[in-house]
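Shown next, in structure tokens, is the structure this report addresses.
Just so you know, these numbers come straight off a predicted model, no measurement behind them. All chains are named by letter (A, B, ...) in the order of the sequence lines, taking the proteins before the strands, and each is independently numbered beginning at 1. The figures that follow rest on heavy atoms only: side chains count, while hydrogens, waters and symmetry mates do not.
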Amino acid sequence: MSSQDIPEENLPAEQDHAHGAVTVADDTDPFADPGLPPHEHRVQDIDEQAAKRSERAVALLFTLSMLATVGFIASYVAIPHDQAVYVFPIGHINALNFALGLTLGVALFAIGAGAVHWARTLMSDVEVADERHPIEAAPEVKAKVMADFKQGAKESALGRRKLIRNTMFGALALFPLSGVMLLRDLGPLPGTKLRHTLWSKGKLLVNMNTNEPLRASDVAVGSLTFAKPEGLEEHDEDFQKEIAKAALMIVRIQPDNIKDKRELQWSHEGIVAYSKICTHVGCPISLYEQQTHHVLCPCHQSTFDLSDGARVIFGPAGHALPQLRIGVNDEGYLEALGDFEEPVGPAFWERG
Amino acid sequence: MSTNESTETRRGKAPAGERVADWADGRLGIYSLAKSNMRKIFPDHWSFMLGEVCLYSFIIIILTGVYLTLFFHPSMNEVEYHGSYVPLQGQLMSEAFSSTLHISFEVRGGLLIRQIHHWAALIFLAGMFVHMMRVFFTGAFRKPREINWLFGFLLFVLGMFTGFTGYSLPDDLLSGTGVRFMEGAILSVPIVGTYLSFFLFGGEFPGGDFVARFYSIHILLLPGIMLGLVVGHLILVFYHKHTQFAGPGKTNNNVVGMPLLPVYMAKAGGFFFLVFGVIAVVAAIASINPIWALGPYRPDQVSTGAQPDWYMGFSEGLIRVMPGWEINLWGHTLVLGVFIPLVIFPLVLVSIAVYPFIESWVTGDKREHHILDRPRNAPTRTAFGVAWISWYFVLLVGGGNDLWATHFHLSINAITWFVRVGFFVVPVLVFIATKRICLGLQRRDREKVLHGRETGTIKRLPHGEFIEVHEPLSQDALHTLTAHEQYRPVEIGGTVDENGVERKVKGSEKLRAKLSESYYGAESQIPKPTVEEYKEITSGHGHH
């Protein structure tokens with residue numbers, strides 16, 4: 001798709017007529033470039049008094065900066081780091097942060113303002129034109145480079161000695177594989193790790209807030225309870241990893257209101273346990289609307305109907321939340337009747 | 001460095017500064033370098049400051065970032081908090097989080113530097129966005145500056161990821177949620193998604209590795225590349241010399257302005273301090289990312305209103321409004337609902353990055369361009385750019401759909417559907433509207449050139465007619481308003497060659513002719529006034 005084939009006349013004429021400050025006083029072309037306008041003097045250029053005033057203003061700004069830096073050091077030393085101060089209209093803020101930031105800001109801003117004021121009022125403001133030169137090399141230069149390159153290529157005999165060339169390419173192509181190999185131990189292979197959680201038959205459901213096993217009688221209709229498997233403690237080394245998969249939300253729905261048949265079977269007297277991890281990209285779901293039994297993920301607003309197999313009723317999630325099959329043990333505690341039957345959290349290729 | 005005296009023969013030793021310069025010149029050749037650069041001319045326009053804002057905030061980020069590394073511990077080891085922030089006493093958290101609390105509450109000035117670092121990062125990204133738009137809408141990306149456009153684009157993209165890895169480091173509840181989102185998106189990649197995720201996180205999410213890994217990416221890998229690109233960007237700005245707007249005395253072969261030494265040394269150098277000063281004051285009064293209020297990350301906890309930093313918002317919009325499509329076949333899952341947004345995410349950015357190459361192919365223009373276009377004089381380009389921005393902002397609305405819903409009392413479902421439809425429709429409408437506005441402005445310029453400026457003075461003629469007095473423009477203004485170039489549409493050449501043999505017209509040729517027609521056809525530009533038209537009108541009675 002070369003663009004060489006566009007005829008020249010389609011392109012507009014070159015813009016350039018004048019070079020630099022050439023004045024074109026031309027009756028025939030009222031649109032011609034009149035050249036650089038004459039320089040207009042500023043008041044500081046003519047009036048030494050005004051120039052002196054500018055000088056003092058610049059010096060004042062630089063002095064202000066010095067004072068502000070002294071203020072910064074004084075604040076650093078004098079203000080305790082936990083002191084609050086009321087600043088209108090922001091409210092109560094950390095006094096040290098406020099003082100340091102303000103003094104540093106003033107110290108810096110005053111340097112900048114001084115320099116810019118100096119440049120604008122006292123340095124020459126005569127506009128000057130610089131020539132541009134085309135970037136492309138002249139044909140002679142290009143010819144010389146091409147000849148040099150051919151000479152060099154010939155002397156290397158790369159084109160003639162094919163054996164060297166091919167083996168060199170082979171070696172250069174292969175050695176980066178070592179680097180790729182070294183990345184292998186960045187992490188273990190996924191295996192079936194994403195399919196399993198800590199839940200298994202007989203594990204008690206432990207209330208996340210109280211750290212006590214949950215009784216069926218603890219779960220009231222309309223409440224939302226978060227639970228974790230027994231044995232998983234915050235201090236455990238892999239707590240974060242395990243809770244990322246095992247977190248549960250438990251609600252109680254009147255059994256008559258449960259529309260999904262399997263959901264009813266897997267529940268205990270209307271108590272249902274669903275994975276708390278959104279099937280979209282894995283945010284924890286935390287908003288429960290008790291009248292409709294909808295739960296909402298606050299990250300991307302996927303909405304699930306907990307009374308209907310937690311199917312997706314709005315938002316970007318692709319499938320229902322996995323349900324954990326629960327029952328009650330002899331002592332009246334809620335327990336899991338196995339692991340989740342499908343992987344929790346976001347979908348992935350091997351999920352199936 | 002006194003250079004004026006050095007040419008005169010002088011008795012005794014040269015001044016110390018000159019001797020140092022001589023020493024350096026003998027080793028570095030600084031005089032030759034200074035010869036072409038010390039008095040280099042830079043043109044003046046407010047919009048040329050935007051790039052400077054980026055450069056200076058980048059420097060500020062590096063300075064404050066180095067300071068933060070002195071105190072930050074990039075480790076996910078769990079520790080119990082016993083610092084001075086009372087509400088989190090005794091909580092389990094990663095060392096990354098607790099060291100960030102330490103910086104915020106115990107290191108004097110640590111909070112200030114943290115906030116300067118974060119504010120400067122937001123300003124850096126916003127500055128690059130606006131700077132890129134300036135370059136786009138004035139056509140400054142045209143030859144010879146295409147490579148520098150790409151450098152700038154890469155800086156913007158890398159800046160986004162540097163920002164993302166940076167705000168993920170404190171391992172707080174909000175940023176951890178963002179990392180989880182990223183992990184979910186990676187998992188959606190067909191075939192290799194789980195492997196990528198396991199390799200990135202050192203196993204299952206969140207694992208104990210990602211803070212340390214993000215840390216080396218955030219402070220070394222990405223900024224290292226960016227520093228190289230920034231240097232290259234600046235070298236090219238110097239080498240190409242700055243673009244300028246058309247005006248009296250300004251041509252494609254010169255650059256009109258004031259010299260680097262002293263004017264721009266003072267102005268640009270001073271501007272660094274202005275930017276730094278403003279950011280410092282902002283950091284003094286406006287809290288940013290108060291991680292102590294968010295708490296440490298727990299994969300089973302989240303807060304409402306979770307938002308990424310603004311520059312990641314459009315990707316958030318993509319993921320939020322995409323329908324949750326999933327295809328399950330032969331024991332595998334294709335997670336289109338997440339994977340499609342993941343693919344569109346770079347395409348949104350690439351679509352603006354490749355534009356200069358498309359335009360240069362359509363025009364077939366191989367000449368250097370140093371005079372900037374006014375956006376109205378390139379209606380198709382301007383319309384494309386504004387449509388792209390509208391696209392980006394539609395996605396930003398999608399990314400903040402919950403905030404729109406709560407702040408404006410709208411239905412989140414309605415907003416989501418608006419974004420789904422708007423993703424396709426809004427850019428088209430904006431394109432059409434922008435093009436029309438540009439053409440309207442071109443007509444206005446044409447009127448102004450031919451009939452002069454409307455003075456607002458109403459005059460009554462002897463026979464009772466009222467007219468508005470138009471004031472003819474100065475030659476300066478006439479030149480400025482007519483200096484722009486106008487292309488003619490490319491036509492497909494004869495389909496029969498000189499020997500009468502029928503030639504095959506390539507598809508690309510037809511496409512280009514069509515595009516060229518839509519760029520430069522009668523519908524797409526108002527012919528600028530010619531000298532003849534001007535003379536015909538002005539030589540008459542002056543009124544008509």
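- The line from CD of Q240(A) to OG of S94(B) is 8.0 Å long, rounded to the nearest 0.5 Å.
- Of the atoms belonging to I277(A), it is side-chain heavy atoms, and not backbone ones, that fall under 4.5 Å from chain B.
- Using a 4.5 Å cut-off on side-chain heavy atoms (C-beta onward), V321(B) and P316(A) make no contact.
- Between R180(B) and A244(A), the shortest heavy-atom contact is NH1-O, 3.8 Å.
- Interface residue A347(A): backbone and side-chain heavy atoms are both found under 4.5 Å from chain B.
- Scanning both residues, A32(A) and Q475(B), for their nearest heavy atoms gives O-NE2, 3.0 Å.
- No part of T480(B) comes within reach of chain A, as not one of its non-hydrogen atoms sits under 4.5 angstrom from that chain.
- With salt bridges taken as basic N to acidic carboxylate O contacts below 4.0 Å, one links E204(B) and K245(A).
- Contact annotation: the side chain of N413(B) approaches that of F314(A) to within less than 4.5 Å [non-hydrogen atoms, C-beta and beyond].
- Contact of D238(A) with chain B is not made at all, since no heavy-atom distance falls under 4.5 Å.
- Of the atoms belonging to I116(B), it is side-chain heavy atoms, and not backbone ones, that fall under 4.5 Å from chain A.
- For a residue to count as touching a neighbouring chain, one of its non-hydrogen atoms must lie under 4.5 Å from one of that chain's; by this rule Q307(B) does not touch chain A.
- Heavy-atom distances place no part of V282(B) under 4.5 Å from chain A, backbone and side chain included.
- Taking all atoms of both residues into account, the shortest heavy-atom contact from L100(A) to G109(B) is CD1-CA, 3.5 Å.
- Contacts of V335(B) with chain A are made by side-chain atoms alone, with heavy-atom separations under 4.5 Å and no backbone atom involved.
- The CZ atom of R351(A) sits 7.0 Å away from atom CG of N328(B), with the distance rounded to the nearest 0.5 Å.
- In this structure, the separation between CG on N94(A) and CD on Q115(B) is 9.0 Å, given to the nearest 0.5 Å.
- Between F31(A) and V449(B) the shortest side-chain heavy-atom distance falls below 4.5 Å.
- Interface remark: L287(A) contributes side-chain atoms only to the contact with chain B (heavy atom separation under 4.5 Å).
- At least one side-chain heavy atom of K193(A) sits under 4.5 Å from a side-chain heavy atom of F198(B).
- When each of P323(B), P206(B), A283(B) is scored by its heavy-atom pairs under 4.5 Å with chain A, the top score falls to P206(B).
- Contact of V128(A) with chain B is made through backbone and side chain together, with heavy-atom distances under 4.5 Å.
- A donor-acceptor pair under 3.5 Å is formed between the side chain of E368(B) and the backbone N or O of I135(A).
- Heavy atoms closer than 4.5 Å to chain A are found in the side chain of Y239(B), but not in its backbone.
- Interatomic distance, D33(A) CG to L478(B) CG, rounded to the nearest 0.5 Å: 12.0 Å.
- Here the straight-line distance linking atom CG of D29(A) with atom NZ of K535(B) works out to 7.0 Å at 0.5 Å rounding.
- Using modelled atom types, no side-chain atom of K276(A) and backbone atom of Q301(B) make a donor-acceptor pair closer than 3.5 Å.
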task: Take I111(A) and F276(B) through the side-chain contact (heavy atoms from CB on, under 4.5 Å) test and state the conclusion after the steps.
output: CA-CA 10 Å; I111(A) 295 177; F276(B) 203 164; over 6 Å; no
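- Among L187(B), I279(B), L274(B), the residue making the largest number of heavy-atom pairs under 4.5 Å with chain A is L274(B).
- Scanning all heavy atoms of the two residues, the minimum distance from V256(B) to A129(A) falls at CG2-CB, 4.0 Å.
- Heavy atoms of S302(A) lying under 4.5 Å from chain B are absent altogether.
- With a threshold of 4.5 angstrom between heavy atoms, N401(B) approaches chain A through side-chain atoms but not through N, CA, C or O.
- Proximity to chain B (any heavy atom under 4.5 Å) is shown, for P134(A), by both the backbone and the side chain.
- In this structure, the side chains of L189(A) and Y195(B) come closer than 4.5 Å at one or more pairs of heavy atoms.
- At a 4.5 Å heavy-atom cutoff, F226(A) makes no contact with chain B through either its backbone or its side chain.
- In this pair, H300(A) and F181(B) present their aromatic rings perpendicular. The plane angle is above 60°, beyond the 30 to 60° band.
- With respect to chain A, the highest number of heavy-atom pairs below 4.5 Å among G257(B), G399(B), A306(B), G337(B) belongs to G257(B).
- Residue-environment remark: CZ (R120(A)) stays at or below the threshold of 12 foreign heavy atoms within 6.0 Å.
- Under the side-chain contact (heavy atoms from CB on, under 4.5 Å) rule, F98(A) has a single partner from L112(B), V281(B), I285(B), which is I285(B).
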- prompt: Yes or no on side-chain contact (heavy atoms from CB on, under 4.5 Å) for T177(B) and C283(A), after CA distance, side-chain angles and deciding distance?
  reply: CA-CA 7 Å; T177(B) 306; C283(A) 276; 3.4 Å; yes
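- For F105(B), the part sitting under 4.5 Å from any heavy atom of chain A is the backbone (N, CA, C, O) and nothing else.
- P248(B) and L36(A) make their closest contact through O-CD2, 3.8 Å (heavy atoms, listed as atom of the first residue, atom of the second, distance).
- No part of H117(A) comes within reach of chain B, as not one of its non-hydrogen atoms sits under 4.5 angstrom from that chain.
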Test log, rule side-chain contact (heavy atoms from CB on, under 4.5 Å), inputs W349(A) and L334(B): CA-CA 6 Å; W349(A) 176 250; L334(B) 192 54; 4.1 Å; yes
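- For E233(A), the CD atom is densely surrounded, since the number of other residues' heavy atoms within 6.0 Å is greater than 12.
- Contacts between V302(B) and chain A at a heavy-atom distance below 4.5 Å involve backbone atoms as well as side-chain atoms.
- Contact between V116(A) and F271(B) at its shortest, heavy atoms only, is CG2-N, 4.4 Å.
- Between chain A and the options I412(B), I186(B), V107(B), L481(B), heavy-atom pairs under 4.5 Å are most frequent for I412(B).
- Ionic pairing of R298(B) and E234(A) is present here: one or more N-O contacts between side-chain nitrogen and carboxylate oxygen are shorter than 4.0 angstrom.
- Atom CG of residue D130(A) and atom CG of residue N253(B) lie 12.5 Å apart, to the nearest 0.5 angstrom.
- Contact count against chain A (heavy-atom pairs under 4.5 Å) is highest for R108(B) among R39(B), R108(B), M258(B).
- When heavy atoms are compared at a cutoff of 4.5 Å, T194(B) approaches chain A by way of both its backbone and its side chain.
- Of the candidates K366(B), K143(B), R367(B), E136(A) forms a salt bridge (charged side-chain N to carboxylate O under 4.0 Å, His left out) with just one, namely K143(B).
- Although no hydrogens or angles enter the test, the distance criterion places no donor-acceptor pair under 3.5 Å between the side chain of R320(B) and the main chain of G315(A).
- At a 4.5 Å heavy-atom cutoff, the contact between M208(A) and chain B is made by side-chain atoms alone.
- Each of S84(B), G184(B), P43(B) has some count of heavy-atom pairs under 4.5 Å with chain A, and the biggest count is that of G184(B).
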